[in-house]
Peer 1: 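Have a look at this one.
Source: prediction; values computed, not measured. All values below were derived from every heavy atom in this structure, side-chain atoms included, with hydrogens, water molecules and symmetry-related copies excluded.
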Amino acid sequence: MLTEDVTWSMPPLPHWYRGRDAVMAFARAVPLTRCPSWRTVPVEANSRPAVACYLGASADAVHTAWSVTVLDLAADGRIAGLVSFLGAEHFAPFGLPAQLD
């Protein structure tokens, strides 16, 4: 699903990842391993597909607003870029709640 040269940035953090291997290594090391439970809600941002991500301590816990990730798609439909806007303040403009029970 990712292009070879995919990028992933997370403002306001200064670091970012470029290339399928780097993006997948980060995903496996942090959000898919260190973060116990995610819930997601599909949204649209600036006419692009996006996903609102909520983080919880476990699958049955309250999940709080964490980030809104906007996807940049290549012509073939694969993901060429991800920009994860970190912070609960990004949820209100989408009409999303600050937490999911």
Peer 1: Does the side chain of Pro49 reach to within under 4.5 Å of the side chain of Leu73, using non-hydrogen atoms?
Peer 2: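 Heavy-atom side-chain distance check passes, below 4.5 Å.
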Peer 1: Which heavy atom of His63 sits nearest to which heavy atom of Gly56, and what is that distance?
Peer 2: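 Distance-wise, the nearest heavy atoms are CD2-N, 3.3 Å.
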Peer 1: Quick check: is Val30 connected to Tyr54 through a chain of hydrophobic side chains (ILVMFWY, heavy atoms under 4.5 Å apart)?
Peer 2: no
Peer 1: Could you pull out the closest heavy-atom pair between Asp101 and Arg39, with the gap in Å?
Peer 2: O-NH1, 2.7 Å
Peer 1: For a quick check under 3.5 Å, do Ser67 and His90 share a side-chain donor-acceptor pair by atom type?
Peer 2: no
Peer 1: Find out whether Leu82 and Asp72 are in side-chain contact, i.e. whether some heavy atom of one side chain is under 4.5 Å from a heavy atom of the other.
Peer 2: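 No, every pair of side-chain atoms sits at 4.5 Å or beyond.
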Peer 1: How far does OG1 of Thr40 sit from CG of Leu55, to the nearest 0.5 angstrom?
Peer 2: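 Nearest 0.5 Å value for the OG1-CG distance: 12.5 Å.
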Peer 1: Going by heavy atoms in the side chains, are Arg78 and Met1 under 4.5 Å from each other?
Peer 2: no
Peer 1: Taking the side chain as everything from C-beta on, heavy atoms only, tell me whether Leu100 gets closer than 4.5 Å to Val62.
Peer 2: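 Answer no - side chains too far apart.
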Peer 1: Compare every heavy atom of Phe91 with every heavy atom of Pro97, then report the nearest pair and how far apart it is.
Peer 2: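 Result for this residue pair: O-CD2, 3.9 Å.
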Peer 1: Looking at every non-hydrogen atom in both residues, tell me the closest pair between Trp38 and Pro31 and how far apart they are.
Peer 2: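 Smallest interatomic distance, heavy atoms only, reads NE1-O, 2.9 Å.
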Peer 1: I want to check something: taking the side chain as every heavy atom from C-beta on, are Val41 and Leu96 in contact at a cut-off of under 4.5 Å?
Peer 2: yes
Peer 1: Can a donor-acceptor pair be found, under 3.5 Å and without considering hydrogens, that links the side chain of Arg48 to the backbone of Val70?
Peer 2: no
Peer 1: Nearest heavy-atom pair of Ala52 and Val43: which atoms, and what distance?
Peer 2: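 Between these two residues, the closest heavy atoms are N-CG2, 4.2 Å.
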Peer 1: Quick check: closest heavy atoms across Tyr17 and Ala22, and the distance to 0.1 Å?
Peer 2: CD2-O, 4.1 Å
Peer 1: Are Val6 and Leu71 connected in the hydrophobic side-chain network, where two residues link if heavy atoms are under 4.5 Å apart?
Peer 2: yes
Peer 1: Side chains of Pro11 and Val83: does their closest heavy-atom pair fall under 4.5 Å?
Peer 2: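 In contact.
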Peer 1: Using a 3.5 Å distance criterion without hydrogens, assess whether the side chain of Thr64 forms a donor-acceptor pair with backbone atoms of Gln99.
Peer 2: no
Peer 1: Calculate, to the nearest 0.5 Å, the distance between atoms CE and CG belonging to Met24 and Leu32 respectively.
Peer 2: 7.0 Å
Peer 1: Heavy-atom count check: over 12 atoms from other residues, nucleotides or ligands less than 6.0 Å from Trp8 CH2?
Peer 2: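 Enclosed.
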Peer 1: Mind checking the CZ-CE spacing from Phe85 to Met10? Nearest 0.5 Å is all I need.
Peer 2: 12.0 Å
